[in-house]
2 protein chains.
Amino acid sequence: MIELRNLRRDFQVGDQTVHALADINLRVAAGEYLAVTGPSGSGKSTLLNVLGLLDHPSGGHYLFEGRDTTTLDDQAQAELRNRRIGFVFQFFHLVPRLTARQNVELPMILAGIEPRERARRASHTLARLGMSDRVHHRPDQLSGGQRQRVAIARAVVMQPALLLADEPTGNLDQASGADVIRILEDLNQQGITLVVVTHDQSIASRAHRRVHIVDGRIDQDSGGNEG
Amino acid sequence: MIELRNLRRDFQVGDQTVHALADINLRVAAGEYLAVTGPSGSGKSTLLNVLGLLDHPSGGHYLFEGRDTTTLDDQAQAELRNRRIGFVFQFFHLVPRLTARQNVELPMILAGIEPRERARRASHTLARLGMSDRVHHRPDQLSGGQRQRVAIARAVVMQPALLLADEPTGNLDQASGADVIRILEDLNQQGITLVVVTHDQSIASRAHRRVHIVDGRIDQDSGGNEG
Ligand SMILES: Nc1ncnc2c1ncn2[C@@H]1O[C@H](COP(=O)(O)OP(=O)(O)OP(=O)(O)O)[C@@H](O)[C@H]1O
Ligand SMILES: Nc1ncnc2c1ncn2[C@@H]1O[C@H](COP(=O)(O)OP(=O)(O)OP(=O)(O)O)[C@@H](O)[C@H]1O
Ligand SMILES: [Mg+2]
Ligand SMILES: [Mg+2]
């Protein structure tokens, strides 16, 4: 489903070039459950941003379901992103003026889903994340972990083909974190491809496959279904 | 050093009142090392914001070194905050337009420390946090864990009497997190009062005392030096 070939991502800071990703080769089959680990600053979020079509490679190729994403125009990329990919950001990126529920409804509004169905799905997903009593709070009226759960709800509510989660339990206690992982794993059981960046070894050990990144390169890969 | 008496903090959301903190009674002696734990949404950040003079109680009293902070005017509170209290925010609150090093120098600029001494201290603290090669990056050019380390550097560089840290390792891998805890504990060894909010049990277990918060109340307190 995903193929990264010789993928490179550089950033320019003054006259310094940061090689955030260097020669990444990775294949992920549809339905896989992959954990991405590595030290702070190693390139995990950058990798996820490329996978989520939120960032472009500086070199190499990203094939999504066989199509070279570098050949798609902005419109086509946006469409692919909105319909096929769900993203839980490391720092959530919720819309400040919208309530928790409105934030979760947003992708459904963009997909043209009608109001009653949107409300039903948003309530259901927020309830599963223990957020029913905070649906009308805006992000600045929520705790850190509550914002994180709204971000997760927004990412999963469309049941995307590919779900990318960047440190989804970073601000959660043990119990809330376990609920989140259960929800993500349920979606994977239903066939959704799941890529989770995490610093939590207990979460990484639950994944079917582990990829460890160091200084922008894959240092270890416990092995994909495609080998 | 710190005394909270019948402390209450309410938030209003529409016609709903959220009792974020309810009847908190807590004494912390100078030099103590306290971990604050509890479920997501239980009131930990709210407690820390009150302790850091970033928020006012709705009821009850906060005595800092014997002085009732509720009787201090804004100017006096700001002065106390800048000189005596260091704060690591759950979401960092770095100044977007300043580099990592400039962000760390900011409290020293406010305290009138001269440029060469500021530069020396900033470099030293950032080096201890493994950030020497990122000193000229702005926050948007840093990874999540790198931003967190800059926030920590800024909080500790003034060697405040009271250091409040809200989930300081939430975005860090095991090794970076251990470095951070070592730095905080070194400061505590030097006499700084340390209050750390954390979801990480391995960190909470290192503290000399643990306070567990549930629904805005202290559910367990493993005991202060003052009883
Ligand atoms: N916009 C940018 N400009 C310059 N450098 C950047 C930029 N974004 C990231 N970097 C650098 O690229 C490297 C990889 O960053 P990335 O955010 O992918 O790390 P990460 O593995 O997610 O780290 P963390 O675990 O701390 O979140 C880091 O060293 C970072 O400083
Ligand atoms: N400005 C606000 N307006 C309304 N409610 C608020 C506001 N800030 C916090 N709350 C509510 O107060 C409660 C305590 O919030 P707080 O941020 O202190 O929790 P926390 O223990 O730090 O949680 P986490 O572990 O998720 O960071 C939460 O239920 C939250 O929804
Ligand atoms: Mg990251
Ligand atoms: Mg909090």
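Residue numbers begin at 1 in each chain, while the letters A, B, ... track the order of the sequences.
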Classify the angle between the aromatic ring planes of B:F89 and B:H93 as parallel (below 30°), tilted (30 to 60°) or perpendicular (above 60°). parallel

Region of [X] that comes under 4.5 Å of a non-hydrogen atom in chain B:
X      : answer
A:F11  : neither
A:S176 : side chain
A:Q201 : neither
A:S40  : both
A:Q146 : both

Do you know which two heavy atoms are closest between A:V156 and A:L163, and how far apart they sit? CG1-CD2, 3.8 Å

If I compare all heavy atoms of B:L51 with all of B:I85, which pair ends up nearest, and what's the gap? O-CD1, 3.8 Å

Check the pair A:F87, A:F92 against ring pair (Phe, Tyr, Trp, His ring centres under 6.0 Å), reporting the backbone distance first and the verdict last. CA-CA 9 Å; A:F87 206 115; A:F92 324 148; over 10 Å; no

Can any side-chain N or O of A:S42 pair as donor or acceptor with the backbone N or O of A:D215 at less than 3.5 Å? no

Looking at [options], which has the largest count of heavy-atom pairs under 4.5 Å with chain B?
options                : result
A:D173, A:N171, A:T46  : A:D173
A:Q148, A:R149, A:E167 : A:R149
A:D200, A:V13, A:T198  : A:V13

When only pairs under 4.5 Å are counted, which of B:H137, B:Q141, B:Q174 shares the most heavy-atom pairs with chain A?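 Top count of heavy-atom pairs under 4.5 Å with chain A: B:H137.
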
Under-4.0 Å salt bridge between B:R182 and B:E185: no

How about A:P168 and A:L184: do any of their side-chain heavy atoms sit closer than 4.5 Å? yes

